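What follows is a set of notes on a single structure, which appears directly below.
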Amino acid sequence: MFIAQELRKKNIAEYLLYMWQVEDTIRAFDCSLARIRREYIDRFDYDEEQKEEEADWFGNLIRMMNTEGCREQGHLQINKVTLQLLTELHQQLLGSSKFPFYNAEYYKVLPFIVELRNRGANKEEGEIETCLNLLYGVMMLRLQKKEITTNTEHALKEVTTFIGMLSDYYKKDKEEPLEF
């Protein structure tokens with residue numbers, strides 16, 4: 001909860017990736033709040049009040065996952081909405097002549113998006129979701145200490161720059177609405 005709050009303020013893409021990781025963490029503990037408390041939350045250097053807040057937050061997420069039918073896979077509605085907001089901003093930026101650097105970065109990254117979509121199981125996902133899935137997938141590979149190919153590293157670098165730019169525009173738009 002504490003990490004999520006900070007990331008949401010600073011970088012919406014990192015927040016979303018973190019929340020996807022939290023969903024997977026909950027699944028890894030079989031959606032059991034008792035296990036999450038004992039085996040996860042207790043490992044952090046939190047005082048008792050913070051541990052209770054964190055446990056409440058995880059408990060709410062577990063309830064939502066159960067209610068929304070994403071115990072096994074998929075994303076919470078709150079995360080889908082965040083992704084949708086990013087996607088809408090992406091479309092607004094592309095549709096405006098006021099953001100040429102964003103457009104240039106998009107066209108630089110588009111071949112990677114097309115290639116990732118052609119390889120992926122879900123060809124219906126949007127471009128921003130495809131980019132975030134790459135970032136999340138590489139993060140998981142690194143956690144598992146698996147090799148990342150040179151081509152993937154190159155795609156990762158370009159996609160990271162693009163998503164970073166989108167996140168910066170998202171933050172600016174929240175602080176003072178952008179004019180398209």
Side-chain angles (χ1 to χ4, degrees), residues 1-90 109 116 125-146 148 152-153 155-176 178:
M1 174 184 80
F2 303 110
I3 295 169
Q5 288 172 336
E6 284 304 306
L7 286 175
R8 188 166 183 92
K9 290 180 213 167
K10 292 180 182 175
N11 186 311
I12 197 67
E14 287 182 14
Y15 163 79
L16 196 51
L17 293 171
Y18 177 76
M19 289 303 296
W20 287 1
Q21 187 177 19
V22 166
E23 291 169 340
D24 282 344
T25 298
I26 290 170
R27 291 182 188 112
F29 288 106
D30 300 317
C31 296
S32 166
L33 184 56
R35 282 192 61 204
I36 290 171
R37 268 184 205 249
R38 186 177 61 247
E39 298 172 38
Y40 186 73
I41 295 172
D42 284 347
R43 293 182 9 205
F44 293 98
D45 188 27
Y46 294 151
D47 62 35
E48 284 309 309
E49 184 179 325
Q50 289 172 315
K51 286 181 183 181
E52 281 305 311
E53 286 181 58
E54 193 81 354
D56 286 346
W57 183 68
F58 270 98
N60 287 331
L61 292 174
I62 291 168
R63 277 189 287 287
M64 286 189 277
M65 288 175 77
N66 287 328
T67 302
E68 296 174 21
C70 56
R71 271 182 76 101
E72 304 295 322
Q73 65 183 19
H75 298 298
L76 288 165
Q77 193 60 38
I78 56 172
N79 296 331
K80 289 178 183 178
V81 168
T82 302
L83 177 60
Q84 183 60 36
L85 292 172
L86 273 175
T87 300
E88 288 169 6
L89 177 61
H90 163 69
V109 107
L116 289 165
E125 72 187 16
E127 295 169 330
I128 301 307
E129 187 173 3
T130 298
C131 291
L132 290 168
N133 279 330
L134 171 68
L135 298 175
Y136 189 76
V138 170
M139 183 176 73
M140 291 295 106
L141 289 173
R142 286 184 173 152
L143 286 171
Q144 297 167 23
K145 306 221 185 298
K146 292 188 177 175
I148 298 160
T152 301
E153 284 286 356
L156 178 69
K157 181 178 181 248
E158 297 299 333
V159 168
T160 299
T161 301
F162 171 66
I163 292 295
M165 190 178 281
L166 178 58
S167 291
D168 288 346
Y169 279 122
Y170 182 89
K171 185 178 179 187
K172 286 176 188 172
D173 190 48
K174 290 300 170 203
E175 291 167 356
E176 186 176 323
L178 297 172

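Keep in mind the model is a prediction, meaning the values are calculated, not measured.
Within the structure, the salt bridge (Lys or Arg N to Asp or Glu O under 4.0 Å) test picks out no pair touching residues 78-89 (sequence neighbours left out). For the salt bridge (Lys or Arg N to Asp or Glu O under 4.0 Å) condition, the pairs that include at least one residue of residues 12-36, sequence neighbours left out, are Asp24-Arg27, Asp30-Arg35, Arg35-Glu39.
Ring centers of Phe58 and Phe29: at least 6.0 Å apart, outside the cut-off.
The minimum heavy-atom distance linking Cys70 with Leu76 is given by the pair SG-CD2, 3.8 Å. The two residues Leu132 and Leu86 make their nearest non-hydrogen contact at CD1-CD1, 4.5 Å. Closest approach of Tyr15 and Ala4 over heavy atoms only: CD1-O, 3.4 Å.
Counted within 6.0 Å of CD on Glu153, heavy atoms from surrounding residues, nucleotides or ligands total more than 12; the atom is thus considered enclosed. Under a cut-off of 6.0 angstrom, the local environment of CD in Gln144 is crowded, with over 12 non-hydrogen atoms contributed by other residues, nucleotides or ligands. In this structure, Lys10 places its NZ atom where only 12 or fewer heavy-atom neighbours from other residues, nucleotides or ligands lie under 6.0 Å away.
Trp20 contributes atom CH2, which lies 6.5 Å from atom CG of Leu17 (distance to the nearest 0.5 angstrom). Rounded to the nearest 0.5 Å, atoms CE (Met19) and CG (Leu7) are 10.5 Å apart. Going from atom CG of Leu166 over to atom CG of Leu89 covers 5.5 Å, rounded to the nearest 0.5 Å.
Remark: Tyr46 pairs with Phe2, Phe44 by the ring-ring contact (aromatic ring centres under 6.0 Å, His included) rule, at least two apart or across chains.
The pair Arg37-Glu52 counts as a salt bridge, with a side-chain nitrogen and a carboxylate oxygen less than 4.0 angstrom apart.
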Can Tyr40 and Ile26 be said to form a side chain to side chain contact (heavy atoms under 4.5 Å, CB included), step by step? CA-CA 10 Å; Tyr40 186 73; Ile26 290 170; over 6 Å; no
Go through Leu85 and Ile12 one step at a time and tell me if the side chain to side chain contact (heavy atoms under 4.5 Å, CB included) criterion holds.
CA-CA 10 Å; Leu85 292 172; Ile12 197 67; over 6 Å; no
Asn11 vs Tyr18, test: side chain to side chain contact (heavy atoms under 4.5 Å, CB included). Steps then yes/no. CA-CA 11 Å; Asn11 186 311; Tyr18 177 76; over 6 Å; no
Taking it one step at a time, do Met1 and Asn60 satisfy side chain to side chain contact (heavy atoms under 4.5 Å, CB included)? CA-CA 11 Å; Met1 174 184 80; Asn60 287 331; over 6 Å; no
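A donor-acceptor contact shorter than 3.5 Å is absent between the side chain of Glu175 and the backbone of Lys172. At least one donor-acceptor pair under 3.5 Å links the side chain of Glu68 to the backbone N or O of Gln77.
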